Peer 1: 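Can you keep this structure in mind? I'll have questions shortly.
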Amino acid sequence: MTEANVALDKQLAEPGVSGAPLRQLFETMVRIATWEQRLLQFMSEGHVAAGFYHPGRGHEAIAAGACETLRRDDYIMYDHRGCGHVIAKGVPLTAIFGDFLENVAGSTRGMGAGIVHIADPSVGVLGQSGTLGASFPIAAGAAFSSVYRGTDQVCVCFFGDGTANRGPFHEAANAASLWKLPVIWICENNGWAISTSVEQSTSVADLTLRAAGYGMPGVRIDGTDVVAVYDAVSEAVTRARRGDGPTLIEATVDRFRGHFMGDSESYRDKRSDAEFSDRDPIVRAERLIEELALMTQEDMQRLRSSIRQEVEAAAVEALAAPKPSRERIFEGLYK
Amino acid sequence: MTEANVALDKQLAEPGVSGAPLRQLFETMVRIATWEQRLLQFMSEGHVAAGFYHPGRGHEAIAAGACETLRRDDYIMYDHRGCGHVIAKGVPLTAIFGDFLENVAGSTRGMGAGIVHIADPSVGVLGQSGTLGASFPIAAGAAFSSVYRGTDQVCVCFFGDGTANRGPFHEAANAASLWKLPVIWICENNGWAISTSVEQSTSVADLTLRAAGYGMPGVRIDGTDVVAVYDAVSEAVTRARRGDGPTLIEATVDRFRGHFMGDSESYRDKRSDAEFSDRDPIVRAERLIEELALMTQEDMQRLRSSIRQEVEAAAVEALAAPKPSRERIFEGLYK
Amino acid sequence: MTEVTYEARQAEGASTRQLSFAEAIREALAEELERDEAVFLMGEDIGAFGGVFGVTSGLHARFGSRRVVDTPISETFIVGGAVGAAITGLRPVVELQFADFAAVAMDELALKAAAWRYMHGGLFDVPLVVRMPEGAIGGAGPEQSQCPEGLFSNVPGLHVVVPSTPADAKGLLKSAIRSDDPVLFFEHKVLYKQRGPIPDGEHLVPIGVADVKRQGDDVTIVAWARMVQLALDAAERLVADGVSVEVVDPRGLRPLDQDTIISSVKKTGRAVIVHEASRVGGPGAEVAAVLAEHALPWLAAPIVRVGAEDVPLPQSAHLEQFVIPNVDDVIAAVRRVMGHA
Amino acid sequence: MTEVTYEARQAEGASTRQLSFAEAIREALAEELERDEAVFLMGEDIGAFGGVFGVTSGLHARFGSRRVVDTPISETFIVGGAVGAAITGLRPVVELQFADFAAVAMDELALKAAAWRYMHGGLFDVPLVVRMPEGAIGGAGPEQSQCPEGLFSNVPGLHVVVPSTPADAKGLLKSAIRSDDPVLFFEHKVLYKQRGPIPDGEHLVPIGVADVKRQGDDVTIVAWARMVQLALDAAERLVADGVSVEVVDPRGLRPLDQDTIISSVKKTGRAVIVHEASRVGGPGAEVAAVLAEHALPWLAAPIVRVGAEDVPLPQSAHLEQFVIPNVDDVIAAVRRVMGHA
Ligand SMILES: Cc1ncc(C[n+]2csc(CCOP(=O)(O)OP(=O)(O)O)c2C)c(N)n1
Ligand SMILES: Cc1ncc(C[n+]2csc(CCOP(=O)(O)OP(=O)(O)O)c2C)c(N)n1
Ligand SMILES: [Mg+2]
Ligand SMILES: [Mg+2]
C-alpha cells in the first residue's frame with residue numbers, strides 16, 4: 001500500500017460524515033434509482049427495447065458521491081452500467097429518456113442511447129466508448145487538454161472491474177501519472193463482468209495494487225457507502241486539481257439486476273433480501289440519515305415523491321417527442 | 001516490494017557466484033559480441049544495410065544469463081535489440097548471418113532479418129513482432145500451450161523499457177498471472193527508447209513496482225552482472241516450471257552503440273571510457289573470472305580467438321549462400 | 001473433403017436434420033473438440049454461460065474448463081495468446097464477443113496471425129480460428145453491429161469466411177478448424193436463430209468456394225451472410241417482373257472465388273453486389289473490381305453495389321433501418337441494372 | 001481557401017521556392033502551430049530528436065515541450081488521448097512512428113476519432129490529424145512498410161489524405177489541421193527527401209479534390225503517393241509508343257474525388273489504377289468499382305489494377321522489390337489496356 005493509500009484509508013475509517021452533503025447525495029441516488037425504475041416501466045410498456053440496457057441499481061452511490069465533488073465544467077467518461085453518472089453530472093432527465101426512446105428529445109438528438117451514448121458538453125459529459133477500455137486514453141486526453149489550456153478541470157473516468165483488464169488502461173494510466181494529469185480513475189468493482197467473476201478474470205484480489213505500478217495512490221472503498229465515495233473522490237479531486245496527478249479508486253459494489261435486463265444470473269448464487277439491503281446504497285444512506293437525524297422518515301418520503309413527480313414529468317415530456325426522420329442519419333458526420 | 005521480491009534481492013546480495021556456470025556465460029557473451037562485431041563488418045563492407053540493425057552491445061549478459069537457465073525446448077520471444085537472445089538460445093550463427101545477408105542460409109530461408117525476424121522452432125525461438133508489445137500476448141499464449149499440453153516448458157519474453165508501456169503487456173501479464181502460466185517477463189531497461197529516456201516515458205522509476213499489480217514477484221537486477229541475471233532467471237524458471245506462475249525481472253543495462261547503427265545520440269550525455277567499461281558485462285565477467293581464478297588471461301584470449309574463428313567460419317559460410325529468386329515471395333503464406 | 005455443390009445440397013436437403021445456425025456452429029465445435037485434443041475454445045463468457053449469443057452453450061459442461069476457457073476482457077490477449085498457442089502446437093478457436101472488437105486486436109489479426117508464418121520463413125503453422133458475431137441487430141450501435149469482414153480483404157495470410165446457412169456454417173467452420181492457416185469466421189447474429197437442413201455425418205465445406213444459392217439467367221446478385229436471404233427474397237419477388245435472378249454466395253472474401261462469380265456474370269451480363277457493410281469503400285468494391293477486370297466485355301449494364309449508407313450505424317434501431325440495405329433496395333438495384341430504373 | 005489547379009501549379013512553379021516533402025510538412029506544422037495556440041504535436045521521439053524521419057526537426061526548439069510533446073510507446077494513448085484533447089477544444093496533430101502502427105490503435109482511429117461526433121449526436125468536433133509515415137523503404141519488413149490508407153476507405157467519419165508532392169503535402173496538411181473532422185494523413189517515406197516547388201504565402205489545398213498531374217488522351221492512370229512518380233515516368237516512356245497518358249492523383253481516398261476520375265476516364269476510355277498496397281482487396285478496388293458503376297459505357301478496355309503482390313512485404317530488401325510495383329509494371333498495364341499486350 002502506498003503512503004497516500006494508508007493516509008486515505010485512515011481518514012475514511014474515522015466515524016462520522018466528514019463534510020459530505022448527505023442530504024444532497026441521498027437525493028441524487030434516489031433520482032438515479034427512480035429514473036431507472038421509470039425506464040424499466042418504459043421497457044415493460046414496450047417503448048424501449050430491454051436487451052441493451054445494463055441496469056445500475058446498486059451502483060448509485062458511486063455516481064452520486066463522485067459527481068457531487070465535481071464542478072459543472074469538470075469532465076466525466078462513464079460506462080454502460082446504468083445512467084447514474086450522467087444523471088449525477090446533470091444531464092437533464094428528459095434528454096436521457098429521449099435517448100432511450102430514440103427520439104429528438106434525447107441528448108444525441110435522435111441517435112438514441114444504444115450501449116450507451118449520451119453526451120452533454122455543457123456539463124462535461126464527454127460520452128462513452130462501446131468498445132470497453134477505449135475511454136481510458138480519451139479521459140487522459142481530456143485531462144491533458146485542461147492542463148494545456150491552463151484550466152483546473154479534472155476528468156473522472158468510471159469503469160468496471162472487467163474493463164480494468166483492457167490494455168488501454170495501462171497506456172493511459174502511465175501517461176496520466178507521468179504527466180500528472182488531473183484524472184480520477186474510478187473502478188466500480190461489482191465482482192462480475194457479464195458471467196465472469198472478478199476472481200476468474202483478474203490476477204489480484206485488490207485492484208488498487210495496480211496503482212503503485214504507475215506511481216499513483218490507490219484507494220479501496222465500499223462503493224455502497226456514499227460518504228466514503230464522496231470523501232475518497234474529494235481527496236482525489238483536490239490532489240488532481242493541485243497538479244499532483246491521478247488517483248485510482250476501487251469501489252466495491254453489488255450488481256442488483258444482473259448484467260442486462262433479463263439476465264437470469266444462473267452463474268451466481270442467489271442473494272437474500274437482507275444481503276441486498278445491506279449492499280443497497282440508498283438503504284444505507286437512509287439509515288445513516290436517520291441515525292444522524294438529518295431528515296425524518298417523512299422528509300425522505302416527501303423527497304422521494306417529489307422526485308417521482310420530477311421523473312414522471314421528464315418521462316412524459318420525453319415520450320411526447322417525435323422520432324427523427326430518415327435524413328437524421330446524414331447529420332453530424334462531417335462538418 | 002513483494003515478499004518474493006525481498007527474498008530474491010537478499011539472495012542476490014550474497015557474494016560469490018552462486019551455481020552459475022560463469023565460464024559458459026562468458027563464452028556466450030563473447031560469442032554474441034563477436035558475432036555483432038562481424039555483422040558491423042558486413043555493414044561497412046556493404047553486404048548488410050545498416051539502418052535497421054539495433055546493436056546489442058552492452059546487453060549481452062541478459063541474453064546469455066537468461067538463456068543459460070533454459071532447456072532447448074523452452075521458448076523465447078526476443079526483441080529488436082541485438083541478436084544475443086537467438087544466439088544464446090542456440091540458433092546457428094550461420095543462419096543469423098544468412099538472415100541479415102537476406103540469403104537462403106538464413107533461418108527464414110531468404111526472407112531476411114528485417115527488424116528482426118529470426119526463428120528456429122527446434123530451439124524454441126518463436127520469432128519477433130515488429131510492432132513492439134505484440135510479443136506479450138504471444139508469449140503468454142505459448143506458455144498457455146505448454147500447460148495445456150502438459151509439458152513443463154517455460155517461455156521467456158524479452159522486451160525493452162520503452163515497450164513496457166504498451167497496452168498488451170497489461171492484458172498478457174494479467175492473464176499469465178491469473179492462470180499461473182510459465183512466463184518470465186524480462187525487461188531490458190537500458191534507459192532509452194530511441195531518444196526518449198525512461199524518465200520521460202515511464203511514470204515509475206522502478207518497473208518492478210508493476211509486478212505486484214498482477215500478483216507476481218518483481219525482481220530488479222543489474223543486467224550487466226551475468227551472474228545476477230543467471231540467478232534471478234533460474235529462480236523465476238524454477239517457479240514457473242513448478243506451476244507458480246510468472247515473474248517480472250527488470251535488468252538495468254547500457255545501450256552502448258546508440259539506438260540504431262549510426263545514431264549520433266545527440267540527445268544524451270557522452271560517457272567516458274571508464275563509464276563504458278564499468279557497464280560492460282563482458283569486462284565485468286572477465287574481472288570476476290580473474291578474481292575467482294576460473295580462467296587465466298591466456299585462457300580467455302584463447303577462447304576469444306577460437307570464437308572469432310567460429311564466427312568467421314559462419315560468416316564465410318553464410319556469405320557464400322545465394323539470395324532467393326523471385327518465386328520465394330510466394331512461399332510460406334498459405335498451406 | 002467432399003465439396004458440397006448446390007445440386008448435392010438440394011438433393012440431400014430432404015433427408016437431413018434441421019438445425020439453427022447457432023446449433024450448427026455448436027455442432028461443428030463439438031465434433032472438432034471431440035476429434036482433436038489440440039482444439040480448444042477461448043473467449044469472454046463462452047464457458048458455463050455459453051457465450052452472449054448462446055453459441056457455445058453446453059460445451060463447457062461437456063468438455064470442461066481446460067478445453068473451453070473463459071478469459072478476461074482482453075482481446076489483444078485472446079487473439080495474440082491464440083497466435084502463441086497456435087505456433088506451439090494447439091488449434092485455438094477463439095471468440096471475439098462482437099466482430100467490431102477486431103479493431104482492438106487488429107495488429108494481432110492482420111499482422112501476427114496473418115503474417116507470422118510468412119515473415120518467419122514458413123517455419124510455423126498458425127491453425128487458428130477467430131469466430132466473430134457480426135451485423136446489425138436493431139440498436140446495438142456503431143461499435144457492436146458492424147460487418148467488418150471487408151477490413152481483411154487486403155490482408156494476405158488470412159482466410160475470411162462468411163457463411164449464410166446453417167449447413168455452410170457447420171461445414172466451413174469444421175474446415176476452418178482443420179486448416180493450418182488462420183481463418184476469420186464471421187457469423188451474422190441475425191442468422192443464429194434461422195434453421196436449415198444439415199447433412200448427416202461428416203460435413204465439410206471447402207474454404208474459398210462460392211455457392212450458387214439460386215440459378216437464374218438475367219442478373220447475378222453476389223451476396224453473403226444475412227444478405228443472401230435478402231437476395232433470394234428479392235429474386236422471388238422479381239419473378240413477377242419476368243426477371244430471372246442468379247444468387248451467388250461467395251461464402252467468404254479470401255480467397256474470393258472469382259471463377260464462380262465471373263462465370264455467372266458472363267452468363268447473365270449483369271451484376272448487383274449486396275453487403276451489409278457500408279457501400280463506399282466496402283467489400284463489394286473488390287467484387288466489382290474483379291468484374292471490371294475480367295468480365296467487362298460481358299457486362300450489359302453498369303454494376304450496382306448495394307450496401308449500408310456511408311455513415312456509422314446509428315445506435316437508434318429506428319434509424320438503423322434507414323442505414324442498412326433491405327429487400328427493396330436489392331429489388332431497386334436489380335431493376336436498375338435491368339434498365340427498368 | 002484557394003483551390004490550386006494543375007495549371008495554376010504549373011504556372012507558379014517557376015517563381016516558387018523548392019522544398020523537400022519533409023520540409024514542406026514541417027513548414028505546414030510550423031505555420032499552423034504559429035497561427036493557432038490550440039494546435040499541438042504529440043508522438044514518439046518527435047521532440048528534440050525531430051522524429052525518426054526528421055520531419056519535426058527544429059519544432060521542439062522553436063515551440064517548446066508544451067506544444068511538441070514526446071510520448072511513451074503507447075499508440076492507443078497517442079490516438080485515444082488526441083481524441084480526448086480534440087473533443088475538449090484542442091487541435092492535436094499526432095504522429096504514429098510508422099503507418100503500420102495504425103493497427104494497434106485501430107479502434108481509436110476507426111471508431112473513436114471517426115464516430116465520436118456522429119454517435120454523440122453531433123455535439124463534439126474532432127479536429128484531429130494523425131500523421132502516418134508509410135511505404136516500403138527497402139527492408140523494413142511487413143510491419144514497418146505498409147501503405148494502409150485503404151483500410152480506412154470504408155470508415156465513415158474520417159478523411160483520408162495521401163499527398164504525392166511537397167506542395168500538396170503542405171497545402172493538404174494545413175487544410176487538415178484546420179478541419180474540424182479527423183484526418184488521417186499518410187506520408188510516403190520515400191518522398192520525404194524529394195524536392196518540389198512550394199507556392200509562397202498562405203498555401204491551402206482542399207481535401208478531397210483530385211489533381212491531374214499530367215494531361216493525356218488515351219489512358220487514365222489513377223495513382224497516389226509514391227506511385228504518382230512511377231505513373232509520370234511510365235507516361236514519359238510511353239510517349240515513344242505514341243500513347244498519351246493522363247495521370248490523376250486523387251490526393252486521398254476519402255472523400256474520393258469521383259468526378260475528376262470519372263471525367264478523365266470518360267475522355268480516355270481506359271483506366272489503370274496503381275497503388276503500392278497489395279492489389280487483392282486493396283484501395284484500388286473502390287476506384288475500379290466507381291468506374292464500373294459510373295463509366296462503364298465509356299470503357300474501351302477492362303480496367304487494370306497494379307499493386308503489390310498478394311503477400312506481406314518481405315523484410316528482405318532483395319525480395320521487397322519483387323513485391324511492390326515498379327515502372328515496368330505500370331507500363332505493362334498501360335500496354336495491356338491499350339491492347340498492346
Ligand atoms: C472491448 C470490449 N470487449 C467486450 C465487450 C462486451 N461487454 C460489454 S459489457 C461487458 C462486461 C463488462 O464488465 P465490467 O467492466 O465489470 O462492467 P459491469 O458490466 O460489471 O458494470 C462486456 C464483456 C465490450 N463492450 N468491449
Ligand atoms: C508499436 C510500436 N511502436 C513504435 C515502434 C518503433 N520503435 C522501434 S524500437 C523503438 C524503441 C524501443 O525502446 P525499448 O523498448 O526501450 O527497446 P530498446 O530499443 O531500448 O532496446 C521504437 C519506438 C515499434 N516498432 N512498434
Ligand atoms: Mg463488473
Ligand atoms: Mg530501452
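Only heavy atoms go into these numbers, but all of them, side chains included; no hydrogens, no water, no symmetry mates. Chain naming here is simple, since letters A, B, ... match the order of the sequence lines and numbering starts at 1 in each. For clarity, every value in this text was computed on a predicted model and none was experimentally measured.
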Peer 1: Who among A/Ala164, A/Ser266, A/Ser129 has the most heavy-atom pairs with chain C under 4.5 Å?
Peer 2: A/Ser129
Peer 1: Is there a side chain to side chain contact (heavy atoms under 4.5 Å, CB included) between C/His318 and A/Met111 once you walk through the steps?
Peer 2: CA-CA 9 Å; C/His318 166 71; A/Met111 290 304 285; over 6 Å; no
Peer 1: For chain A, which candidate among C/Gly139, C/Gly138, C/Ala103, C/Ala48 shows the most heavy-atom pairs at distances under 4.5 Å?
Peer 2: C/Gly139
Peer 1: Going by heavy atoms in the side chains, are A/Thr108 and C/Ser316 under 4.5 Å from each other?
Peer 2: no
Peer 1: What residue, out of A/Ile115, A/Asp99, A/Leu101, A/Asn103, has the most heavy-atom pairs lying under 4.5 Å from chain C?
Peer 2: A/Ile115
Peer 1: Where along residues 315-327 of chain A does a heavy atom come under 4.5 Å of chain C, listed by residue number?
Peer 2: A/Lys323, A/Pro324, A/Ser325, A/Arg326
Peer 1: Assess whether side chain to side chain contact (heavy atoms under 4.5 Å, CB included) is satisfied between C/Phe322 and A/Arg328, documenting all intermediate values.
Peer 2: CA-CA 10 Å; C/Phe322 300 130; A/Arg328 178 69 185 82; over 6 Å; no
Peer 1: How many angstroms lie between atom CG of A/Leu132 and atom CD of C/Glu75, to the nearest 0.5 angstrom?
Peer 2: 8.0 Å
Peer 1: Report yes if the side chains of A/Glu102 and C/Leu319 come closer than 4.5 Å at any heavy-atom pair, otherwise no.
Peer 2: no
Peer 1: Show your reasoning for whether side chain to side chain contact (heavy atoms under 4.5 Å, CB included) applies to A/Arg166 and C/Val104.
Peer 2: CA-CA 10 Å; A/Arg166 284 272 294 117; C/Val104 304; 3.3 Å; yes
Peer 1: Tell me if a side-chain donor or acceptor on C/Gln315 pairs with a main-chain N or O of A/Gly114 at a distance below 3.5 Å.
Peer 2: no
Peer 1: If we only count heavy atoms from C-beta on, is the C/Glu44 to A/Ile194 side-chain gap below 4.5 Å?
Peer 2: no
Peer 1: Calculate, to the nearest 0.5 Å, the distance between atoms CZ and NE2 belonging to C/Phe49 and A/His259 respectively.
Peer 2: 7.5 Å
Peer 1: Under a 4.5 Å heavy-atom cut-off, does chain C meet the side chain of A/Ala193, its backbone, both or neither?
Peer 2: both
Peer 1: Of all of A/Ala113, A/Gly167, A/Ala134, which one pairs up most often with chain C through heavy atoms under 4.5 Å apart?
Peer 2: A/Ala113
Peer 1: Write out all pairs satisfying side chain to side chain donor-acceptor pair (under 3.5 Å) with one or both partners inside residues 42-51 of chain A, taking only residues at least two apart or from two chains.
Peer 2: A/Gln41-A/Glu45
Peer 1: What are the two closest heavy atoms between A/Thr131 and C/Glu143, and how far apart are they?
Peer 2: N-OE2, 3.7 Å
Peer 1: Please determine, among A/Tyr334, A/Tyr267, A/Phe330, the option with the most heavy-atom pairs under 4.5 Å with chain C.
Peer 2: A/Phe330
Peer 1: Can you check whether C/Gln144 reaches A/Phe52 side chain to side chain, under 4.5 Å on heavy atoms?
Peer 2: no
Peer 1: Do C/Ile73 and A/Asn165 touch side chain to side chain, with heavy atoms closer than 4.5 Å?
Peer 2: no
Peer 1: Give, as side chain, backbone, both or neither, the part of C/Gln97 having an atom under 4.5 angstrom from any heavy atom of chain A.
Peer 2: side chain
Peer 1: Judged by modelled atom types alone, do A/Thr196 and C/Asp70 share a side-chain donor-acceptor pair under 3.5 Å?
Peer 2: no
